[in-house]
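Step one of this worksheet: look at the structure below.
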Amino acid sequence: MSAGANVGVADDRRAGAVAGGRAATSRSPNQRAWARFKRNRLGYAALWVFGVLLAFATLAELVSNERPLAARYQGELFFPIVSNQPETTFGGDFRTPTDWHDPFIRERFAQEGNWALFTLNPYSANSVNYFDKVPAPAPPSRQNLLGTDDSGRDMAARLLYGFRVSVWFGFALTSAAVLLGVLMGAVQGYFGGRIDLGAQRLIEIWNSIPDLYLLIIIASIFEPSLLLLLGVFALFGWIGLSDYVRAEFLRNRSLEFVKAARAMGLSNAQIIWRHILPNSMTPVITFLPFRMSASILFLASLDFLGLGVPNLPSLGDLLRQGKENLDAWWISVPTFLVLVLTLLLLTFIGDALRDAFDTRKS
């Protein structure tokens with residue numbers, strides 16, 4: 001190849017690089033951040049896996065349920081998953097809700113013309129297998145693929161429903177903490193001065209209150225519920241996040257674009273909402289998966305200590321059962337693996353978000 005041809009190839013490569021650089025700079029900041037997030041293959045894969053698991057658990061009633069999705073009996077079609085008919089509808093003697101694991105009911109639907117379409121796992125979180133010949137906790141079998149807990153409830157269903165409760169509780173608690181933390185941090189950082197100093201002293205006093213003791217006192221007065229736990233934790237979970245927002249507002253409020261907005265006559269609320277807040281959300285978004293991990297561990301710890309919501313499918317309650325039944329490995333090992341997998345996926349997503357909002361990475 002001649003020298004002129006080599007020069008031409010080099011010019012084409014430089015032109016392609018320049019064009020690629022212009023295309024990259026023409027993209028919006030969110031598009032560039034998403035491109036950096038996708039380059040982190042581990043975090044991107046973790047996001048997909050976590051999304052699939054969450055969708056699977058959110059639709060748990062369609063995946064694991066003791067009641068069939070649909071049933072046909074003597075030419076009539078029923079949907080027990082929506083409304084469970086009494087036993088007398090199918091030839092029983094009592095007007096109680098139908099137990100679809102009863103051998104009598106199974107025999108009736110085994111007749112010609114009758115059928116019942118069950119979910120993948122024919123057990124819900126609180127359904128007890130009364131017809132199991134092995135005392136609870138029973139090891140894995142054809143009926144219960146992951147065995148049963150110490151009350152005879154299916155482990156696969158408990159894990160699926162427990163994962164859903166833990167993750168959505170983490171979402172709710174993180175959202176509440178972010179709203180309070182951003183609000184308090186924005187007010188402190190933007191106005192500064194006496195407002196900042198006074199709020200800092202109040203936060204120090206509030207943060208000195210032992211939230212665990214407060215929760216024990218409230219639980220002894222009121223009946224424990226997820227809403228109660230969410231409210232108590234949300235009152236204390238915003239403090240750490242407000243420090244990051246406050247620091248970002250203190251840094252951004254003295255920049256030129258904020259001074260220009262004040263000169264244009266914009267109000268304080270408009271300056272905070274339109275100009276400072278979008279440029280101060282990087283640490284908030286980066287810490288969201290880690291805050292979710294902490295929220296999930298909070299709920300698991302309370303249930304493990306027996307301070308959670310009774311009869312609620314929970315990973316912490318399963319860990320407590322595993323501690324009390326050390327020979328029943330099918331309780332503790334799968335629960336531990338589900339909890340570790342959840343926290344690992346959130347950690348990988350958090351690392352990818354940190355890289356995505358790091359503008360130093362091209």
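As a basis for the values below, the full set of heavy atoms in this structure was taken, side chains included, without hydrogen atoms, waters or symmetry mates. Predicted model only: the values in this text are computed from it and were never measured.
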Quick check: do P334 and L159 have side-chain heavy atoms less than 4.5 Å from each other? yes
Spacing of L346 atom CG and D351 atom CG [to the nearest 0.5 Å]: 11.0 Å
All heavy atoms of E248 vs all of P283, minimum pair found to be CG-CG, 3.8 Å
Is F236 reachable from I217 through a run of hydrophobic residues whose side-chain heavy atoms are each under 4.5 Å from the next? yes
Quick one: pull up OH in Y44 and CZ in R39 and give me the separation to the nearest 0.5 Å. 13.5 Å
Is R246 close to Q200 at the side-chain level, that is, under 4.5 Å between some pair of heavy atoms? yes
Can any side-chain N or O of T148 pair as donor or acceptor with the backbone N or O of A138 at less than 3.5 Å? yes
Spatial distance of atom CG (L146) from atom OG1 (T335) [nearest 0.5 Å]: 9.0 Å
I need the E66 CD to N126 CG distance, nearest 0.5 Å. 8.5 Å
Applying side-chain contact (heavy atoms from CB on, under 4.5 Å) to W100 and F109, what does each step give before you reach the verdict? CA-CA 10 Å; W100 293 91; F109 278 89; 3.4 Å; yes
Given side chains that start at C-beta, do those of V134 and S141 come closer than 4.5 Å, heavy atoms only? no
Should L54 and L47 be regarded as members of a common hydrophobic cluster, given that ILVMFWY residues are connected when their side-chain heavy atoms come within less than 4.5 Å of each other, either directly or indirectly? yes
Taking the side chain as every heavy atom from C-beta outward, state whether F191 and V187 have any pair of such atoms under 4.5 Å apart. yes
If you count heavy atoms of other groups shown closer than 6.0 angstrom to CZ of R201, is the number above 12? yes
Checking side-chain contact (heavy atoms from CB on, under 4.5 Å) for the pair R108/Y73: CA distance, chi angles, key distance, verdict? CA-CA 9 Å; R108 301 289 291 183; Y73 182 77; 2.6 Å; yes
Going hydrophobic residue to hydrophobic residue with side-chain gaps under 4.5 angstrom, can you get from F163 over to V333? yes
Ignoring hydrogens, what is the shortest heavy-atom contact between I276 and S280? Give both atom names and the distance. O-OG, 2.8 Å
Apply side-chain contact (heavy atoms from CB on, under 4.5 Å) to the pair I203 and Q188, showing each step before the final yes or no. CA-CA 11 Å; I203 288 176; Q188 291 178 249; 3.2 Å; yes
Under 6.0 Å from the CG atom of L227, do we count more than 12 heavy atoms belonging to anything else shown? no
Verdict with reasoning, T347 to F290, per side-chain contact (heavy atoms from CB on, under 4.5 Å): CA-CA 7 Å; T347 301; F290 304 105; 4.2 Å; yes
Other residues, nucleotides and ligands only: do more than 12 of their heavy atoms fall within 6.0 Å of CD on E204? yes
Check whether more than 12 heavy atoms from other residues, nucleotides or ligands sit under 6.0 Å from atom CZ of F90, and answer yes or no. yes
Separation between CG (N207) and CH2 (W238), nearest 0.5 Å, reads 8.5 Å
Looking at every non-hydrogen atom in both residues, tell me the closest pair between A125 and Y161 and how far apart they are. CB-CG, 3.6 Å
Has the side chain of T174 got a donor or acceptor atom that lies under 3.5 Å from a matching backbone atom of G170? yes
A side-chain contact here means heavy atoms from C-beta on lying under 4.5 Å apart; do T89 and T98 qualify? no
Under the 3.5 angstrom rule, does the side chain of N114 hit a backbone N or O of Q74 as a donor-acceptor pair? yes
Please state whether the rings of F298 and F233 are parallel, tilted or perpendicular, taking 30° and 60° as the class boundaries. parallel
When every non-hydrogen atom of L69 is compared with those of L62, the smallest separation belongs to CD2-CD2, 4.1 Å
Donor-acceptor check, side chain of S83 to backbone of F79, threshold 3.5 angstrom: yes or no? no
Do V167 and T58 have side chains that get closer than 4.5 Å, going by heavy atoms? no
So which atom in L319 and which in S332 form the shortest heavy-atom distance, rounded to 0.1 Å? CD2-O, 4.4 Å
Report the C-alpha distance between R153 and N129 in whole Å, list the side-chain angles of each, state the deciding distance to 0.1 Å, and finish with yes or no for side-chain hydrogen bond (donor to acceptor under 3.5 Å, both in side chains). CA-CA 6 Å; R153 295 169 296 192; N129 188 1; over 6 Å; no
W34 vs F37 aromatic rings, parallel, tilted or perpendicular, using cut-offs 30° and 60°? parallel
Other residues, nucleotides and ligands only: do more than 12 of their heavy atoms fall within 6.0 Å of CH2 on W273? no
Can you see which heavy atom on D317 is nearest to which on R158, and at what distance? OD2-NH2, 3.5 Å
Against L341, only a single residue in V338, L345, L339 fulfils side chain to side chain contact (heavy atoms under 4.5 Å, CB included); can you say which? L345
V245-I195 co-clustered via ILVMFWY side chain contacts under 4.5 Å: yes
Assign the ring pair F257 / H275 to parallel, tilted or perpendicular, where the plane angle (0 to 90°) is split at 30° and 60°. tilted
Return yes if a side-chain donor-acceptor contact under 3.5 Å exists between D355 and N40, otherwise no. yes
Trace of the salt bridge (charged side-chain N to carboxylate O under 4.0 Å, His left out) decision for K259 with E256: CA-CA 5 Å; K259 296 179 182 179; E256 287 75 8; 5.7 Å; no
Are any of the side-chain heavy atoms of D303 and L318 separated by less than 4.5 Å? no
Is the number of heavy atoms from other residues, nucleotides or ligands under 6.0 Å of F104 CZ greater than 12? yes
Separation between CZ (R320) and CG (N325), nearest 0.5 Å, reads 9.5 Å
Any side-chain heavy-atom pair from N121 and L145 closer than 4.5 angstrom? no
Output yes when a side-chain donor or acceptor of R253 lies under 3.5 Å from a complementary backbone atom of Y190, and no otherwise. yes
With clusters defined by side-chain heavy atoms of hydrophobic residues (ILVMFWY) lying less than 4.5 Å apart, directly or transitively, does F56 cluster with F50? no
